[in-house]
J.: 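Here it is: the structure, laid out below.
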Amino acid sequence: MTLAFSTFLSSGANKWVACVELNDTGAFSNLPDESDKLSFRKHGIDFYPESNLTDLTGLLSEHYDVLVLDFGVLNQNTYPAFKRCDLCIVLGYMSPWNSKSYWNWVANIFHNINNEHKEIILLGNLSSQGEIKQFRRRFGIHAIPVPFVENPFQLSSNHWKFIERALERNPYTTKLLFSGR
């Protein structure tokens, strides 16, 4: 989803985008044609694989329109930086067979931290409408089901609509990304 949102923001909103991997999965390192790059450009997006919070400080002065940050699994070390973001999106599984950690995280964050959840957009990865409804009944929180994206660099019109729907829930994003600035 990080790649899909970056593609949308770069192509659809015509923004200068940096996509920053703030986790140790190394997933972004598989994207360039050449290996061992600290950063690279692909499909109009600047990628920073295997970065850390110290690297992020330098990127904030680079004058990007948008920094898309992939924190991986949020934990006590990354959550404070996550909450400082203008738009916070959490992707997780809502299916009963794969949802325990996501539901536990939501229960902990949303019920123990004084309404901070109003600024977090929850996405249910490959979730059915029934799973979304069950989640909403349990927590009283709306989540958006995420469609399967085969190639995040070539989005279909349905993917564009999904991302627009996710972004429109946040007035900051709507104003900043689509105001023509």
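The figures here come from the full heavy-atom set of this structure, side chains too, leaving out hydrogens, waters and symmetry mates.
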J.: For a quick test of reading the model, state the closest non-hydrogen atom pair linking Ser39 to Pro49 and the distance between them.
T.: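 Minimum heavy-atom separation between Ser39 and Pro49: CA-CD, 4.2 Å.
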J.: Going by the rule ring pair (Phe, Tyr, Trp, His ring centres under 6.0 Å), which residues pair with Tyr48 if we only count those two or more places apart in sequence or in a different chain?
T.: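 Ring pair (Phe, Tyr, Trp, His ring centres under 6.0 Å) check on Tyr48 returns nothing, list empty.
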J.: With sequence neighbours left out, write down each residue that passes salt bridge (Lys or Arg N to Asp or Glu O under 4.0 Å) with Asp70, or none if nothing qualifies.
T.: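 Residues passing salt bridge (Lys or Arg N to Asp or Glu O under 4.0 Å) with Asp70: none at all.
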J.: Just jot down the side-chain hydrogen bond (donor to acceptor under 3.5 Å, both in side chains) partners of Thr25, sequence neighbours excluded, or say none.
T.: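 Checked Thr25 against side-chain hydrogen bond (donor to acceptor under 3.5 Å, both in side chains); matches are Glu21, Asn23.
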J.: If I compare all heavy atoms of Lys42 with all of Phe47, which pair ends up nearest, and what's the gap?
T.: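 In this case the closest contact between Lys42 and Phe47 is O-CE1, 3.7 Å.
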J.: Out of curiosity, Ser6 OG to His43 NE2, how far, rounded to the nearest 0.5 Å?
T.: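 It is 12.0 Å, given to the nearest 0.5 Å.
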J.: Looking only at atom types and distance, does a side-chain atom of Ser10 sit under 3.5 Å from a main-chain N or O of Val17, one as donor and one as acceptor?
T.: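 Answer holds: no.
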J.: Taking atom CG of Asn77 as the centre, does the number of heavy atoms from other residues, nucleotides or ligands within less than 6.0 Å exceed 12?
T.: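 Yes - once you tally the heavy atoms of other residues, nucleotides and ligands closer than 6.0 Å, there are more than 12.
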J.: Under 3.5 Å, side-chain donor or acceptor atoms of residues 52-60 against the rest of the protein: list the pairs with distances, not counting sequence neighbours.
T.:
| unit_1 | atom_1 | unit_2 | atom_2 | d |
| --- | --- | --- | --- | --- |
| Asn52 | OD1 | Thr54 | N | 2.9 |
| Asn52 | OD1 | Asp55 | N | 2.9 |
| Asp55 | OD2 | Asn52 | N | 3.0 |

J.: Mind checking side-chain hydrogen bond (donor to acceptor under 3.5 Å, both in side chains) for Glu62 and listing every partner two or more places apart, or none if nothing turns up?
T.: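 For Glu62, no residue satisfies side-chain hydrogen bond (donor to acceptor under 3.5 Å, both in side chains) once neighbours in sequence are set aside.
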J.: Atom OG1 in Thr7, atom CD1 in Ile163: separation rounded to 0.5 Å?
T.: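 Thr7 atom OG1 to Ile163 atom CD1 measures 7.5 Å (nearest 0.5 Å).
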J.: Taking all non-hydrogen atoms of both residues, which atom of Phe162 and which atom of Val146 are closest, and how far apart?
T.: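 In this case the closest contact between Phe162 and Val146 is CZ-CG2, 3.7 Å.
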J.: Pair Phe28, Thr2 - check side chain to side chain contact (heavy atoms under 4.5 Å, CB included), show working.
T.: CA-CA 10 Å; Phe28 290 2; Thr2 302; 3.9 Å; yes
J.: Among all residues two or more places apart in sequence or in another chain, which pass the side chain to side chain contact (heavy atoms under 4.5 Å, CB included) test with Arg41?
T.: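 Residues passing side chain to side chain contact (heavy atoms under 4.5 Å, CB included) with Arg41: Trp16, Asp46.
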J.: Rounded at 0.5 Å granularity, tell me how far CG in Leu167 sits from CD1 in Ile89.
T.: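 These two atoms lie 5.5 Å from each other.
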J.: Set out, in order, the CA-CA distance, both residues' side-chain angles and the distance that settles side chain to side chain contact (heavy atoms under 4.5 Å, CB included) for Leu91 and Phe5, then state yes or no.
T.: CA-CA 12 Å; Leu91 174 68; Phe5 274 86; over 6 Å; no
J.: Does any non-hydrogen side-chain atom of Pro147 lie less than 4.5 Å from one of Asn158?
T.: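 Heavy-atom side-chain distance check fails, nothing below 4.5 Å.
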J.: State which residues pass side chain to side chain contact (heavy atoms under 4.5 Å, CB included) with Thr78; sequence neighbours excluded, sorted by chain then number.
T.: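 Testing Thr78 for side chain to side chain contact (heavy atoms under 4.5 Å, CB included), a comparison that skips the adjacent residues, returns Phe71, Leu74, Asn75.
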J.: Which heavy-atom pair separates Pro145 from Ile132 by the least distance, and what is that distance?
T.: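 So the minimum-distance heavy-atom pair works out to N-CD1, 3.9 Å.
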J.: With sequence neighbours excluded, what pairs up with Asn151 under the side-chain hydrogen bond (donor to acceptor under 3.5 Å, both in side chains) test?
T.: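 Residues passing side-chain hydrogen bond (donor to acceptor under 3.5 Å, both in side chains) with Asn151: Gln154.
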J.: Looking at Ile144 and Ala166, what are the two nearest heavy atoms and their distance?
T.: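 Scanning both residues completely, I find the closest heavy atoms to be CD1-CA, 3.6 Å.
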J.: So, does Trp160 use its side chain to make a donor-acceptor pair with the main chain of Leu155 at under 3.5 Å?
T.: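 Between the backbone of Leu155 and the side chain of Trp160 there is a qualifying donor-acceptor contact (under 3.5 Å).
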J.: Tell me the closest heavy-atom pair linking Cys19 and Leu3, and the distance in Å.
T.: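 Heavy-atom minimum between the residues: SG-CD2, 4.4 Å.
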J.: Enter the distance from Phe8:CZ to Lys15:NZ here, rounded to the nearest 0.5 Å.
T.: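 One gets 11.0 Å once the value is rounded to the nearest 0.5 Å.
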J.: With the side chain counted from C-beta on, respond yes when Tyr64 and Val20 share a heavy-atom pair under 4.5 Å apart, and no when they do not.
T.: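 A side-chain contact under 4.5 Å is absent here.
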